Amino acid sequence: MASSSGNDDDLTIPRAAINKMIKETLPNVRVANDARELVVNCCTEFIHLISSEANEICNKSDKKTISPEHVINALESLGFASYITEVKDVLQECKTVALKRRKASSRLENLGIPEEELLRQQQELFAKARQQQAELAQQEWLQMQQAAQQAQMAAASASATQQAGSSQDEDEEDDM
């Protein structure tokens, strides 16, 4: 970085990440500690330069969030156009990895049950619910039929009692 204040120390790439990249890129080369420190500082400065330019481009387009397109435009405006193809490839790879993570974290994926089996279980539950509903409807219909029969029998009994009572009244009148 251009200045060396206490806060700038917090704005560096972790040394372990740089060491890992160096080992992966140059497996058979020894790199001195001061060279590693220089690489860390160069990476930090590069990120600061690109992010500042991307922020300016973002502000000029009246946006509040820096998008990948802002970063790509910053690379181009700073003379790093040769990196754009590789940056776009890495961006696509990141999107693919993120999509896979989202899919892997979904509840269905975590169950470990194939989708076909889940669908079969769902159909079984639907069939069972339909059968229970049909049985309930049949019980209600039978109860209504029984209530109707009881009402008819009660009405017939009341009618018979009424007829018997009126014929008994007639018999009593005849006796008088």
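Because the structure is predicted, anything quoted here is derived from the model rather than measured.
- A 6.0 Å sphere centred on CD of Q133 holds no more than 12 heavy atoms belonging to other residues, nucleotides or ligands.
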Next item on the list: Tell me, with the steps shown, if F80 and V87 meet side-chain contact (heavy atoms from CB on, under 4.5 Å).
Entry: CA-CA 11 Å; F80 297 107; V87 166; over 6 Å; no
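- Note on M144 and L142: separate hydrophobic clusters, where clusters join Ile, Leu, Val, Met, Phe, Trp and Tyr whose side-chain heavy atoms are under 4.5 Å apart, directly or indirectly.
- Judged by distance alone, the side chain of R36 and the main-chain N or O of V31 form a donor-acceptor pair under 3.5 Å.
- No donor-acceptor pair closer than 3.5 Å links the side chain of S52 to the backbone N or O of L49.
- In the hydrophobic cluster analysis, where Ile, Leu, Val, Met, Phe, Trp and Tyr join through side-chain heavy atoms closer than 4.5 angstrom, L136 is grouped apart from L125.
- Environment of CD in Q145: crowded, with over 12 heavy atoms of neighbouring residues, nucleotides or ligands closer than 6.0 Å.
- The main-chain N or O of M153 is never found under 3.5 Å from a side-chain atom of S157 such that the two would form a donor-acceptor pair.
- Under the 4.5 Å side-chain heavy-atom criterion for Ile, Leu, Val, Met, Phe, Trp and Tyr, I66 and I57 are members of distinct hydrophobic clusters.
- By the rule that hydrophobic residues join a cluster once side-chain heavy atoms approach within less than 4.5 Å of another member, V90 and I72 end up as members of separate clusters.
- At most 12 non-hydrogen atoms from other residues, nucleotides or ligands lie less than 6.0 angstrom from CD of Q131.
- Here the straight-line distance linking atom CD1 of I84 with atom CG of L91 works out to 12.5 Å at 0.5 Å rounding.
- Without hydrogens or angle criteria, N55 side chain to S51 main chain gives no donor-acceptor distance under 3.5 Å.
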Notebook entry, point to check: How far apart are the C-alpha atoms of K95 and L99, what are their side-chain angles, what is the distance that settles it, and do they pass the side-chain contact (heavy atoms from CB on, under 4.5 Å) test?
Noted result: CA-CA 6 Å; K95 286 181 179 180; L99 181 64; over 6 Å; no
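- How far OG1 of T44 is from CD1 of I13: 4.5 Å, rounded to the nearest 0.5 Å.
- Residues Q139 and Q143 have side chains that never bring a donor and an acceptor to within less than 3.5 angstrom of each other.
- Environment of CD in E93: sparse, with no more than 12 heavy atoms of neighbouring residues, nucleotides or ligands closer than 6.0 Å.
- Between A74 and A54, the shortest heavy-atom distance links the atoms CB-N, 3.5 Å.
- By the neighbour-count criterion of 12 heavy atoms within 6.0 Å, atom CD of E86 is sparsely surrounded, having that number or fewer from other residues, nucleotides or ligands.
- The shortest heavy-atom contact between T65 and C58 is O-SG, 3.4 Å.
- Within the model, atoms NE2 of H70 and CG of N59 stand 9.0 Å from one another, a figure rounded to the nearest 0.5 Å.
- Summarising the geometry, atom CD1 belonging to I18 is positioned 9.0 Å from atom OG1 belonging to T12; distances are rounded to the nearest 0.5 Å.
- M21 and I47 fall within the same hydrophobic cluster, where Ile, Leu, Val, Met, Phe, Trp and Tyr residues are linked whenever their side-chain heavy atoms come under 4.5 Å apart, directly or through other members.
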Margin query: As a quick check of understanding, evaluate side-chain contact (heavy atoms from CB on, under 4.5 Å) for E115 and L119, giving each step before the final call.
Written below: CA-CA 6 Å; E115 189 173 343; L119 185 60; 5.6 Å; no
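- Residue E24 holds its CD atom at 11.0 Å from CG of L26, rounded to the nearest 0.5 Å.
- Interatomic distance, CG of D89 versus OH of Y83, reported as 15.0 Å (0.5 Å rounding).
- Using modelled atom types, no side-chain atom of S159 and backbone atom of A155 make a donor-acceptor pair closer than 3.5 Å.
- P114 places none of its side-chain heavy atoms less than 4.5 Å from the side chain of L118.
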Margin query: Test side-chain contact (heavy atoms from CB on, under 4.5 Å) on K88 and T85; report intermediate values, then the result.
Written below: CA-CA 5 Å; K88 287 182 178 179; T85 302; 5.9 Å; no
